[in-house]
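It should be emphasised that the depicted structure is a prediction, and the values quoted were computed from it without experimental measurement. Note: hydrogens, waters and symmetry copies are ignored here, and every other heavy atom, side chains too, is used.
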Amino acid sequence: MALPKEVDAAKVRAVNEALAKMSPQELSALPPLDNDDLRLFGAISQHYCFLDLNLRRALEIMRIAKHLPSEHVKKYPDYNDASLTDVLRGSVKKMDAKVENLKDSLFRLEEIGRCRSYRNLLNHFAGKRYPGEDVYVFASKSNRDARKVLGKELADHRVHFSVAGRSEFFQLEALLSDHQAWLSKKIPEWHARYLQTDKPQG
């Protein structure tokens, strides 16, 4: 699972320094997520559910049309979620620039792939707020994640914390909503262009 780098901002650094000095009791007493936070996390998660659905639909079209990158053909359809945008970018690069806005499509797919790590964070880490600061505090007891991010396993009774700006997640939700709408329109467009049959439902 890929995890995002923490936002290099003063608010994040200040909270990280404070967390390092807090007792387990103080850490457990951090404020919980509120309803707006939970709705936000649910929206981001569902955006990726639909994005992954349509990424796989797009790759199905490319496979039938024989537009999959040759190095990815044998593995079809067993791509992990994190690789979907990279495989589809390979197909998009081969499209005719006269009918496909390659710069826009490649940028959107790159951004969908890059932002996935934030979805992973809110789906796999326990989230809390921090008093008086516009941040989320995420906590995990996963040694696998600790090795990947910290370069070492967690000591006994220790937890891996990740601090991220709260306002950035609201911006992310709006961004993903736009990308989701774009990709949902691309499915019938690519279907009509490359398969030349009746458009699929949806």
Verdict with reasoning, M22 to L30, per side chain to side chain contact (heavy atoms under 4.5 Å, CB included): CA-CA 10 Å; M22 294 174 72; L30 288 174; 3.8 Å; yes
Atom pair CD1 (I44) and SG (C49), whose distance is rounded to the nearest 0.5 Å: 12.0 Å
Inter-residue atom distance M62.CE - R57.CZ, 0.5 Å rounding: 12.0 Å
Test item: K93 side-chain N/O and L102 main-chain N/O as donor-acceptor pair under 3.5 Å: no
Flag, side chain of E26 to backbone of S23, donor-acceptor distance under 3.5 Å: yes
Those residues that, when tested against D52, pass side chain to side chain contact (heavy atoms under 4.5 Å, CB included) (two or more places apart): Y48, L55, D81, L84, R116, R119
Any residue meeting side chain to side chain contact (heavy atoms under 4.5 Å, CB included) with E110, in chain and number order, not counting sequence neighbours: R89, R114
Between CG on residue L183 and CG on residue N54, distance to nearest 0.5 Å: 5.0 Å
Side-chain donor/acceptor of K128 to backbone N/O of S28, under 3.5 Å: yes
Geometric class of the W190/W182 ring pair [parallel <30°, tilted 30-60°, perpendicular >60°]: perpendicular
Any residue meeting salt bridge (Lys or Arg N to Asp or Glu O under 4.0 Å) with E173, in chain and number order, not counting sequence neighbours: none
Whether H72 and Y79 hold their rings parallel, tilted or perpendicular, with breakpoints at 30° and 60°: perpendicular
Single-linkage hydrophobic cluster, 4.5 Å side-chain cutoff, F107 and L88 together: no
Residue pair E111, L175: steps toward the side chain to side chain contact (heavy atoms under 4.5 Å, CB included) verdict: CA-CA 9 Å; E111 199 159 56; L175 182 74; 3.4 Å; yes
Cationic N near anionic O, under 4.0 Å, R193 to E189: yes
Test log, rule salt bridge (charged side-chain N to carboxylate O under 4.0 Å, His left out), inputs D36 and R39: CA-CA 5 Å; D36 286 341; R39 280 191 290 267; 2.5 Å; yes
same_hphob_cluster(V12, L19) at 4.5 Å side-chain heavy-atom cutoff: yes
Side chain to side chain contact (heavy atoms under 4.5 Å, CB included) between L121 and F169, worked out: CA-CA 11 Å; L121 184 63; F169 276 86; 4.3 Å; yes
Smallest separation among heavy atoms of I187 and I61, with atom names: O-CD1, 3.6 Å
Which atom of P131 lies closest to which atom of P31, heavy atoms considered: CD-CD, 3.7 Å
Matching residue for F41 among F170, Y136, Y118, F125 - test: ring pair (Phe, Tyr, Trp, His ring centres under 6.0 Å): Y136
F50 atom CZ: more than 12 heavy-atom contacts under 6.0 Å: no
Same apolar cluster: V73 and M95, side chain cutoff 4.5 Å: yes
side-chain hydrogen bond (donor to acceptor under 3.5 Å, both in side chains) between S117 and N120, worked out: CA-CA 5 Å; S117 56; N120 293 343; over 6 Å; no
L68 versus S91, closest heavy-atom pair with distance: CA-OG, 3.7 Å
Set of side chain to side chain contact (heavy atoms under 4.5 Å, CB included) partners for P32, sequence neighbours left out: none
Side chain to side chain contact (heavy atoms under 4.5 Å, CB included) against A139, all qualifying residues, sequence neighbours excluded: V159, F161
Salt-bridge contact E100-K94 (side-chain N to carboxylate O under 4.0 Å): no
Co-membership, hydrophobic cluster, residues L40 and L33, 4.5 Å side-chain: yes
Modelled atom types, side-chain donor and acceptor of D86 and S83, under 3.5 Å: no
Backbone N/O of N101 and side chain of S105: donor-acceptor pair under 3.5 Å: yes
Min side-chain heavy-atom separation V135-R166 under 4.5 Å: no
Test item: D37 side-chain N/O and D34 main-chain N/O as donor-acceptor pair under 3.5 Å: yes
T85 to G113 - nearest heavy-atom pair and separation: OG1-CA, 3.5 Å
pair F138-H160: side-chain heavy atoms closer than 4.5 Å: no
Neighbour count above 12 (heavy atom, 6.0 Å) for K141 NZ: yes
All ring pair (Phe, Tyr, Trp, His ring centres under 6.0 Å) counterparts of H67, not counting sequence neighbours: Y194
Criterion side chain to side chain contact (heavy atoms under 4.5 Å, CB included) on S177 and H47, from CA distance to verdict: CA-CA 7 Å; S177 179; H47 285 323; 3.7 Å; yes
